[in-house]
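Ligands are counted one by one from 1 in listed order, and the atoms in each one are counted from 1 as well. One is the number of the first residue; the rest follow in order along the sequence.
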Amino acid sequence: MSILVTRSSMPSLEEYMEEIKPIFESHWMTNVGPIYKKFQRQLMDYLQVPEMSLFVNGHMALEMAIDALGLKDMGGEVITTPYTFVSTTHAITRNGLKPVFCDIKDDDYTIDPEKIESLITDKTVAIIPVHVYGNICNVDAIQKIADKHGLKVSYDAAHAFGVKYKGVGVGNFGDASMFSFHATKVFNTIEGGSIAFKDKAYGTKLHELKNFGIHDSEDVPGVGGNAKLDEFRAAMGICNLKHIEEYIFARQKVAERYNEHLENVPGIKLCKQQQDVSANYAYYPVYFNEKVLGKTRNQVFNELAAHDIHARKYFYPAVNEMRCYKDQYPLNTPIAHDVSMHILTLPMYEGLALEDVDKICDIVLG
Ligand code: T4K
């Protein structure tokens, strides 16, 4: 049987049926209904954030989070990382803003704060870093730079559900943080996403943006879209949230088994457990150095595929090398380029058998 890079975590059918039963009684399916509200409260509690707005997916959440910061009309520049899923950059450009790509650190692959300040100009309005693979950015250094230069910070925390830094939920940093609840994530609502934030006025703006710009039925102060999370997805969220600790624990066991095989192997670099961070084991990224290992990342990818095991090149190419961006922006992010050429994310999900991890590692090391 195929082993794919991940597999959605799901509750039992009975649990889900139980949770959606009230929808069949009330016929209330969307537009911030009672299940949405219950789920929102539970999430705020779990993620330890003061405010939260739920969206139809992570991408629309990020797009609207940037819009709600009031940056769109300024037409300015946003410092961001090219080492991410393309959604991050699209959310910036679709707001009429210009991405300025900053290189990453070579240990945890997050944006390098030491390289941010030299990219700041009088047009810079924000920093949009990514907690890539659930590795937490240097939030303290980033906030210091933002405060010094009067910049907004909106995190792409798509991979960082449930992660804590020094005991604080990661959604508490910056002006806003986006979590993705896509089927491929540690925690899912099938499709879905959310923005964590602190400022209530910002929350009102977010709510209007995701509901056609409507403030109330007779007052439409701005132009919005439609990005509300519906009741069926919120119900899936409630069910999955009940099991989140089990899901993360199971992933931890998978990560530990990989570590047993791959740690200290010359030519293989793993992400180290970050200090003061409680991990969620969202991905298992491996950097392959062909000069030492004797085979390239692409060879490993193909060998696994020949055994019907489908690792992924998350994230290749780097976003600033994608056709839609590469001729418009300077290519001055050598570490992001290098990492994108050498990395593979190995299969990682709750339910992946440890014997399968052994088999994957035998192929990788063979
Ligand atoms: N920012 C960052 C940093 C992100 O990584 C993402 C999304 C976003 C923003 C935007 O958030 P969302 O709008 O998506 O909420 C996937 C996901 O679609 C995407 O959510 C994710 N990042 C990205 C890294 O990966 P694909 O095209 O690689 O997914 P796909 O369809 O190839 O699925 C991968 C594997 O997952 C499959 O081989 C099997 C498994 N799978 C997939 C689906 C769809 C399941 O087990 N169940 C499923 O329903 O993009």
Side-chain angles (χ1 to χ4, degrees), residues 1-11 16 53-66 78 80-95 99 104 108-111 128-137 154-161 163 170-171 176-196 210 225 227-230 232-233 236-237 240 247 251 280 282-285 301 304-305 308-319 322 336 339-340 343-352 356 360:
M1 213 170 77
S2 297
I3 300 177
L4 304 178
V5 69
T6 196
R7 192 186 74 173
S8 300
S9 293
M10 294 176 82
Y16 186 59
S53 186
L54 310 183
F55 287 79
V56 69
N57 58 51
H59 177 81
M60 287 313 296
L62 187 59
E63 242 186 76
M64 292 185 174
I66 297 169
V78 174
T80 190
T81 166
Y83 195 72
T84 181
F85 190 54
V86 70
S87 163
T88 317
T89 316
H90 285 349
I92 296 167
T93 53
R94 283 169 57 83
N95 269 296
I104 57 170
D108 60 18
Y109 314 131
T110 62
I111 197 165
I128 302 201
V130 179
H131 299 308
V132 67
Y133 304 134
N135 289 340
I136 300 312
C137 299
S154 182
Y155 282 101
D156 179 333
H159 301 173
F161 187 87
V163 176
V170 78
S177 294
M178 178 279 280
F179 295 98
S180 164
F181 304 154
H182 185 261
T184 54
K185 297 292 188 283
V186 170
F187 169 79
N188 83 79
T189 59
I190 309 169
E191 290 264 6
S194 76
I195 301 295
K210 75 176 183 196
K228 302 174 293 310
L229 187 79
D230 68 67
F232 287 90
R233 288 176 189 162
M236 181 60 101
N240 273 331
Y247 296 163
R251 284 169 172 270
N280 68 358
Y283 293 84
Y284 196 86
F301 178 85
L304 287 169
D308 209 5
I309 296 166
H310 303 277
R312 292 293 282 269
K313 298 175 196 175
Y314 293 137
F315 291 98
Y316 168 82
V319 177
M322 289 180 171
V339 176
S340 76
I343 214 146
L344 214 51
T345 54
L346 299 182
M348 166 54 83
Y349 50 91
E350 158 265 329
L352 178 59
D356 285 334
I360 292 166

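- Atom 5 (O) of ligand 1 lies below 4.0 Å from at least one non-hydrogen atom of the protein.
- The backbone N or O of Leu54 lies less than 3.5 Å from a partner atom in the side chain of Lys210, making a donor-acceptor pair.
- In Tyr349, neither the side chain nor the backbone holds a heavy atom less than 4.0 Å from any atom of ligand 1.
- For a threshold of 3.5 Å applied to N or O pairs, the pair formed by Glu191 and ligand 1 contains no separation below that value.
- Polar contact with ligand 1: absent for Val130 (N/O pair, distance under 3.5 Å).
- When all heavy atoms of Tyr247 and Asn240 are compared, the pair lying nearest together is OH-OD1, 2.7 Å.
- Counting heavy atoms closer than 4.0 Å to ligand 1, residue Ser8 contributes atoms from both its backbone and its side chain.
- Scanning the protein heavy atoms around atom 1 (N) of ligand 1, the nearest turns out to be Asp156 OD2, 2.6 Å.
- Counting heavy atoms only, His182 comes closest to atom 14 (O) of ligand 1 of the residues His182, His159, His59.
- Phe85 CZ, 4.0 Å is the protein heavy atom nearest to atom 50 (O) of ligand 1.
- Among all protein heavy atoms, the one lying closest to atom 39 (C) of ligand 1 is Thr6 O, 3.4 Å.
- Of all atoms in ligand 1, listed by their number and element, those nearer than 4.0 Å to a heavy atom of Thr84 are 3 (C).
- Panel note: side chain Asn95, backbone Ile66; no donor-acceptor pair is recorded below 3.5 Å.
- Taking a 4.0 Å cut-off on heavy atoms, Gly192 registers as neighbouring ligand 1.
- Taking the ring centre of Phe161 as origin, the terminal cationic atom of Lys185 falls outside the region bounded by 6.0 Å and 45° from the ring axis.
- In plain terms, the two heavy atoms of Ile195 and Phe55 that are nearest each other are CG1-CE1, 3.7 Å.
- Residue-ligand proximity, Arg7 to ligand 1, at heavy-atom distances under 4.0 Å covers atoms 46 (O).
- At least one heavy atom of Met178 sits less than 4.0 Å from an atom of ligand 1.
- In this structure, the side chain of Asn188 does not engage the main chain of Thr184 through any donor-acceptor pair within 3.5 Å.
- Backbone and side-chain nitrogen or oxygen atoms of Ser180 are examined, and one is located within less than 3.5 angstrom of a nitrogen or oxygen of ligand 1.
- Atom 22 (N) of ligand 1 has as its closest protein heavy atom Lys185 NZ, 2.9 Å.
- When hydrogens are left out, the protein atom nearest atom 10 (C) of ligand 1 is Ser87 OG, 3.4 Å; that is the closest non-hydrogen contact.
- For ligand 1, the atoms sitting less than 4.0 Å from at least one non-hydrogen atom of Ala158 are 1 (N), 2 (C), 3 (C), 4 (C), 9 (C), numbered in the order shown with element in parentheses.
- Between the side chain of Tyr316 and the backbone N or O of Leu344 there is no donor-acceptor pair closer than 3.5 Å.
- The shortest heavy-atom contact between Leu352 and Ile3 is CD1-CG2, 3.9 Å.
- Across all non-hydrogen atoms, the minimal contact from Ser154 to Leu62 is OG-CD1, 4.2 Å.
- At the shortest separation from atom 37 (C) of ligand 1 among protein heavy atoms lies Leu4 CD1, 4.3 Å.
- The distance criterion of under 3.5 Å between nitrogen or oxygen atoms is met by Tyr314 with respect to ligand 1.
- Below 30°, between 30° and 60°, or above 60°: for Tyr83 and Phe315 the angle between ring planes is above 60°, a perpendicular geometry.
- Looking only at distances, no side-chain donor or acceptor of Asn57 sits under 3.5 Å from a matching main-chain atom of His182.
- Remark: minimum distance from atom 42 (C) of ligand 1 to any protein heavy atom is reached at Thr184 CG2, 3.7 Å.
- Atom 49 (O) of ligand 1 has Ala183 CB, 3.5 Å as its closest protein atom, hydrogens excluded (heavy atom only).
- Using the six-membered ring where Trp is involved, Tyr155 and His131 have ring planes that are parallel, under 30° apart on the 30 and 60° scheme.
- Arg251 contributes a side-chain N or O that, together with a main-chain N or O of Ala282, makes up a donor-acceptor pair within less than 3.5 Å.
- Looking at Arg312 against ligand 1, only its side chain comes within 4.0 Å, counting heavy atoms.
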